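What you see is a predicted model, and the numbers here were worked out from it, not measured in a lab. In what follows, every chain begins at residue 1, and chains take the letters A, B, ... in the order their sequences are listed.
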Amino acid sequence: MILFLLPVLSCFILFFFNQILNKKIISLIALISSLVMVAMACFFSVTLSSGSTLHFWEWFSIGQRVVPFAFYIDALSKIMLLLVTGIGFLVVMFSVGYMSTDPRYGRYMAYVLLFILFMLILILANNYVLLFVGWEGVGLCSYLLIGFWFDKKENTQAAKKAFLMNKIGDAGLLLAVTSIGYVLGTFFIQDALFKSVGLNQVWITVITLGFVIAAVGKSAQIPLYTWLPDAMTGPTPASALIHAATMVTAGIYLIVRSSTFFLAATGINQVLLAIGLLTAIFSASIATCQKDIKKILAFSTVSQLGLMVVALGLGAYKTAIFHLVTHAFFKALLFLGAGSVIHGLQGQQDIQKMGGLYKKMPITFVCMAIGCFALAGLPPLSGFISKEMILLNGWSKSPFIFMALISVSILTALYAMRLLGRVFGGIYKGSQIPHESGLFMTVPLIILAVASCFGGFLPVPAYLGAVSESSHGLMGLIMAAFSMFMVLLFLWVFWRQYAIKSFFFSQFLENQCHVDKLYHRCVITPLLIFSTIGYRFVELGALQLPSWALDTGWKACLKRISIVSNGRIQTAIHLFFAGIIFLLIWLLFL
Amino acid sequence: MSLFFIPFILSFLFFFIPFSKKWSFVIALSGTITIAISVLLTGSLDISYPWIPGLGLFFSLKISPISFLIIQMASVMMFLMVLSLGPQSRWNYALSFLSLGAFNGVLMADNVLLFYMFWEMAIIPVFVLLMGVKDEILIPKIGIRFLKYNIAGGLLILISLMTIYLQLSPLSSFNFQTIYQISLSSTQQLYLLAALGISMAIKLPLFPFHRWQADTYAASPMMGTMMLAAILSKLGLYGIYRLIFPLCSTVVFHYLSWILCSILLGSLYAAFMTLQGDNLKKKLAYLSMSHMGLMSAGFLSGTVSGLQGTILMMVSHAVTTISLFWTVHLLTKYPSSEMSGLIKTNGFISAVTLISILASLSFPLTSGFVGELLILSGLTATHGLLTVLALIPTIINAWFLLKWYHAVFLGPYSGHRISLRKSDYLASTFILLFIFLIGLFPNIILDLTQQSVMALIKGIK
């Protein structure tokens, strides 16, 4: 509890006193509190046995359903805990080098720390309501960091888009949570999973559909993926932490956490499979034609998340988590490496204006190369091992899925090697003078590079309780050889800077298939037109009718009355006496 | 008893003694604090004086836990309003205190005629406030429409209550308890529901009886707008609790899905209306209407979570409404509408506004969340699809609020700067305090009303 309070406190300090504090103190506070969180994570995962609960206070209760602030620790949350705090610490350290010249440095650090806190709430929550707190909280931090440089219209536009797309996902999660609360009478995750056995299929579908919508929003899958590429307008370390390694994988985590519902569901796994495959192929092909280094990585993230969703659809939950972990290592590495490159080139992000940086930025080059190889799936780096497991799962399901996954790996190798070759190979084409980054930036890179090399040997699936599979035998060897060949081929092509002719389709891919335009035309504009029609014809039209009718009726009455009450005193006196006579007659004779 | 009289006394003070603006502010502020304290001191209230003995009428006041909570909310909101708006002319204070007194009267009235009397009385001061605005040509039209709608709503209550009264034995007391005893056939209940429902729908307001609202909110001075949005609109919910549930619950629960569906569609409609035009007060009026739709749907669902959630959200809605209108108030003090990038010079207001927006969008750990979650649970218990329907407006509301926030606070800096008074800082601190207090410890409110909500549900089922 005390360990948890310290980061909260430092977060508050950074929020309110960031104007007063000196940059060194801000860095110190941020570093210490993120280090404390790492220590806390290690402490928790060593001392607490799986299945234990930490209870803080009762948040609210309604009838029989109690919602406390309480944490639940098991193997899954331990893995996520170590991952989030570890990468969080490295990103904070990197940011000390990368962001310290920014005038709103303290604010930035506060947002990052707040993000890590909310992420911890998300992965440790023992009930779905608390999970939702973390879920929306990380979304908020993501929104704040995307729009961090708010003077530019495109940045705030991207932030708004991210918030709204996430809001759609959140609505899905809220639907699932309220349904669980109503049908199962509890918000506790473990209770709900336990009680879900034998639940009515309709409710299972509603709940899992809610989870899928949530995951599609948060983990940037088709059709809600467009916010993630735009989110790259934020500071690069934040992109590494939030939009690559941790937050976007929350959707995967959510589904793995609630896997019991998905095992009981019938149709929804096919939906997941379809969404994942489509996203993986689609965004990988877009990534091959992007020019902005961060956009390439963003689409790569979307594609890799698609692979994880495929694993979920195949029912290989432990494999999905394994890929989540290795992907977090190499994608954080790639983003931070990209940050280092951008920093070295004073903000240049276009890969056409880079090249030949292997001499100028040797450490960054080596680390980025490891990251790219891991992403492309060069055996035996971490990316290869986890991806191979997904592929093998696909093979055991159906050869078509396997072929689709193979095409994703080919595309991945293509864009990863293109990135490496264009940025570091050949000759330098830019105008700025590149320089290697400082220690605060290179040390996290080196640590992550080591993790990306050997992360594949972490016994993640076994730790989660997977039955150790027999060796993959011939199939594994073939795949290893194939991906080795593929990666080296593409590396050769791009390192030698062979020009690749652009053609119509590559233009189309470079413009991200005009999906944004499509959404604008087919969703936003119709909604606005609908609203305008409602305003013109209902608000100012139909609803005016009763009032209009009343008014005209009233005026018509007045016209009739005005025959008698015409303002002349004679008429009034006549009427007055007539009235009196009438009254007299009525009183006397009736 | 003091609780009942203090607003009226304050109002008369402001009417008859020509205080300067500054003194009015000080007195109003201390007055609201006195009211808040007297609310805290008042444990229970149950008095009854003969009023018109010939008709069996008693001047009887009584407080139930739910109405007590609403009175508490209103007095705190009054404090926030006075504090955030700063010095005003004494007439504004006089009228709004009169309105508050009548509002409290509605909540305390144990007698149907008193209920009706205060119900009508609460809107008249706001109407006068509205008519006092001189620099708008459309004021008479808007004011008359406001009055027409609200008087019609009040008359519907009166007529329906009179028809019930005529069924009672002559000279029986006019108290609520007596009226609740009467058993009505389902046809009678249906007519009653139609009349009372329209009356509440005008007050809340709900589609399609909302035409008075947006223009009134936009045209009236900020004091009146806040009064209507944060405090008086809650009368509609209270009316559901006081009249519709006890008198026509059978019919309500028979047609529940249809009623809720139409209310939520109205809420969706209001959410769409927030995207229209560029008068911010109008847009916030539609936002408020959208939230009121959600609340009344949750309330009518007749489940523990729905009712409790509505009560919680009611408080939250009051705070966030005041906060958002306060921001608008600060912005409209400056002539230019071409503001952008205010966060650069006004970081504090931007932060407060963002937090209020998040609370208004039911962000977790802020005041709105638990309420909305409970309302959604209540709706799920009625029909799963209603939850989906209720979730769509929240997304559109987020769209509108962010669009506004981004236009004014973010983007390139336009060179404006809003200077804040000390009272503004104090007001926003209180607003933040309430937002997080309710967000983190909603049990404070939920525990207060738990018992009476249970009792109510037992009564109506």
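Interface remark: B/Phe348 contributes no atoms to any contact with chain A (heavy atom separation under 4.5 Å). With a threshold of 4.5 angstrom between heavy atoms, A/Ile62 approaches chain B through side-chain atoms but not through N, CA, C or O. For B/Leu358, the part lying near chain A is the side chain, with the backbone staying farther off; criterion is any non-hydrogen pair under 4.5 Å. Proximity to chain A is limited to the side chain of B/Leu354, based on heavy atoms less than 4.5 angstrom apart. Within the 4.5 angstrom heavy-atom criterion, only side-chain atoms of B/Leu374, from C-beta onward, approach chain A. Of the two parts of B/Phe409, neither the backbone nor the side chain holds a non-hydrogen atom closer than 4.5 Å to a non-hydrogen atom of chain A. The parts of A/Ile524 that come within reach of chain B are both its backbone and its side chain, each placing non-hydrogen atoms under 4.5 angstrom from that chain. Looking at B/Tyr413, neither its backbone nor its side chain comes within 4.5 Å of chain A, counting heavy atoms on both sides. The parts of B/Leu402 that come within reach of chain A are both its backbone and its side chain, each placing non-hydrogen atoms under 4.5 angstrom from that chain. Heavy-atom distances place the side chain of B/Lys148, and not its backbone, under 4.5 Å from chain A. With a threshold of 4.5 angstrom between heavy atoms, A/Val538 approaches chain B through its backbone and through its side chain.
Between A/Lys153 and B/Leu410, the closest side-chain pair of non-hydrogen atoms is not below 4.5 Å. No side-chain heavy atom of A/Ser61 sits under 4.5 Å from any side-chain heavy atom of B/Gln450.
Heavy-atom pairs under 4.5 Å with chain A peak, among B/Pro412, B/Gly309, B/Ala381, at B/Ala381. Heavy-atom pairs under 4.5 Å with chain B were tallied for A/Gly147, A/Gly139, A/Ala171; the largest tally goes to A/Ala171. Counting heavy-atom pairs under 4.5 Å between each of B/Tyr286, B/Phe209, B/Phe207 and chain A puts B/Tyr286 at the top. For the options B/Gly384, B/Ala214, B/Ser377, heavy-atom pairs under 4.5 Å to chain A are most numerous at B/Ser377.
Contacts between residues 119-136 of chain A and chain B, defined by a heavy-atom separation under 4.5 Å, are made by A/Val129, A/Phe132, A/Val133, A/Glu136.
Side chain to side chain, B/His210 and A/Glu539 meet the donor-acceptor criterion of an N or O pair below 3.5 Å.
Closest non-hydrogen pair, A/Phe163 versus B/Ala398, comes out as CE2-CB, 4.4 Å. Closest heavy-atom contact between B/Arg211 and A/Leu540: NH2-CD2, 4.0 Å. Contact record, B/Gln276 with A/Leu528: NE2-O, 4.0 Å, taken as the closest heavy-atom pair.
Listed by chain and residue number, B/Phe272 satisfy the ring-ring contact (aromatic ring centres under 6.0 Å, His included) test with A/Phe530 (two or more places apart in sequence, or in another chain).
Of the residues A/Phe69, A/Trp57, A/Trp59, A/Phe60, the one that meets the ring-ring contact (aromatic ring centres under 6.0 Å, His included) test with B/Phe441 is A/Trp57.
In this structure, the side chain of A/Lys167 does not engage the main chain of B/Thr394 through any donor-acceptor pair within 3.5 Å. Checked by atom type and distance alone, the side chain of B/Trp399 never pairs as donor or acceptor with a backbone atom of A/Lys160 at under 3.5 Å.
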